[in-house]
Protein chains: 2
Amino acid sequence: MIQNLNKHERESLHEALAKSGQKITPQREIVYTVLLAQRDHPTVDEVYNRALETMPGLSLATVYNCLETFVGCGLVRQVNHERESTRYCPNLAPHAHFRDESTGRVHDIELPKEILDQLTKILPANFETETIEISFQGRTKSSTQN
Amino acid sequence: MIQNLNKHERESLHEALAKSGQKITPQREIVYTVLLAQRDHPTVDEVYNRALETMPGLSLATVYNCLETFVGCGLVRQVNHERESTRYCPNLAPHAHFRDESTGRVHDIELPKEILDQLTKILPANFETETIEISFQGRTKSSTQN
DNA sequence: TTGAGATTTTGAATCATTCTAAACGAGTAA
DNA sequence: TTACTCGTTTAGAATGATTCAAAATCTCAA
Ligand SMILES: [Mn+2]
Ligand SMILES: [Mn+2]
Ligand SMILES: [Zn+2]
Ligand SMILES: [Zn+2]
């Protein structure tokens, strides 16, 4: 089963929501809990099915709503690969994503600040960046499968 | 109107198709011509509408087919941003994309080889990359609008 | 306790993309 | 010429993730 949010986690949820004038609700709390519990970049349906175990009446639309809210207040990032279902990531550190094409799994890749800096430097002077997304596609060699 | 392919362009089209055992057809030639004529990363619908001016009977399904064929033989790249329609890019040089959020336009950003090299170095040893995608979102300041 | 405003819920609508099956066309063998 | 093969194109239906609309619930300040 899924642990509750600890004090610090509930704090950042509350703070992020409050900052954009929104409330903590049981549904939002559970959806956020699901995201933190297993950091495998779940799709909406995966979040929905995991959350159902804790709150059987929850609706899919609400999961869409909650996730959209979280993205809107900067608590969570969307991760898109090709045309697949959007995935969600609560890791707020700057990082890239690696999608293993044989398993479909998405891994976080830590992103050195210096690379981000270099990247913004390749832009023409009048281009102002708000976000940068970096995604790798490939395979992970066996051995100790990550 | 749209120029025909020049000798070199028709050559790379023929070669790329032949390499994967496929033929040049009038439809493929026109779709490829449309892509080269205006390098603004058109969507399928945009390609379709531009191609219709030259070949009125062309079907949308065929445009999907042709573009998929081109992607499959490495002639063209798909460009995805968020959940929007897929766009297509015939620029084979390594490059990133910048999406201007106020206009929706997508610009090519030249990508120094050294940055690509550095990027592959941040991966764990057992991660084998096949593709890297880098995309910026932001705005272009006015003045001489690019 | 009440009313306003936010949130959730259900089910329908959207729409880019994919699928299906029939028509077509170029090339080849008979 | 004719018939056959196989890849391609076409029209239209199906799919499926996401969004929308409207009614039901909830929250919370007054
Ligand atoms: Mn692909
Ligand atoms: Mn967005
Ligand atoms: Zn992530
Ligand atoms: Zn491009």
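Reminder, nothing fancy here: chain letters follow the sequence lines and each chain counts from 1. Quick caveat: nothing in here was measured; it's all calculated off a predicted structure.
- When all heavy atoms of B/Leu119 and A/Ile115 are compared, the pair lying nearest together is CD2-CG2, 3.9 Å.
- Side-chain atoms of A/Glu82 and A/Gln137 include no donor-acceptor pair closer than 3.5 Å.
- Here the shortest heavy-atom pairing between A/Ala51 and A/Ile30 reads CB-CG2, 3.8 Å.
- Listed pair B/Thr62 / D/dT9 fails the phosphate criterion, with no side-chain N or O lying under 4.0 Å from OP1 or OP2.
- A donor atom on one side chain and an acceptor atom on the other are not found under 3.5 Å apart for A/His107 and A/Asp100.
- There is no side-chain donor-acceptor pair under 3.5 Å between A/His81 and B/Asn80.
- Of the residues in residues 12-35 of chain A, none lies under 4.0 Å from DNA chain D by heavy-atom distance.
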Pull out every protein N or O sitting under 3.5 Å from an N or O of nucleotides 17-22 of chain C, one pair per line with the distance.
from: C/dT17; atom 1: OP1; to: A/Arg83; atom 2: NH1; distance (Å): 3.4
from: C/dT17; atom 1: OP1; to: B/Thr86; atom 2: N; distance (Å): 2.9
from: C/dT17; atom 1: OP1; to: B/Thr86; atom 2: OG1; distance (Å): 3.0
from: C/dT17; atom 1: OP2; to: B/Tyr64; atom 2: OH; distance (Å): 2.9

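- Put simply, CG on B/Leu52 is 13 Å from C1' on D/dT10, counting in whole angstrom units.
- Hydrophobic clustering, with ILVMFWY side chains joined whenever heavy atoms are under 4.5 angstrom apart, groups A/Leu5 together with A/Leu17.
- If you measure from atom CG of A/Asn65 to atom P of C/dT10, you get 12 Å, rounded to the nearest angstrom.
- Side-chain atoms of B/Asn126 and A/Thr140 form no donor-acceptor pair, as typed in the model, at a separation below 3.5 Å.
- Checked against the 6.0 Å centroid criterion, the rings of B/Phe136 and A/Phe127 do not qualify as a close aromatic pair.
- Atom-to-atom, CD of A/Gln78 to C1' of D/dT18 comes out at 11 Å; the value is rounded to the nearest Å.
- When rounded to the nearest whole Å, the span between OH of A/Tyr48 and C1' of C/dT8 equals 13 Å.
- Rounded to a whole Å, the CZ atom of B/Phe70 is 11 Å from the P atom of D/dT8.
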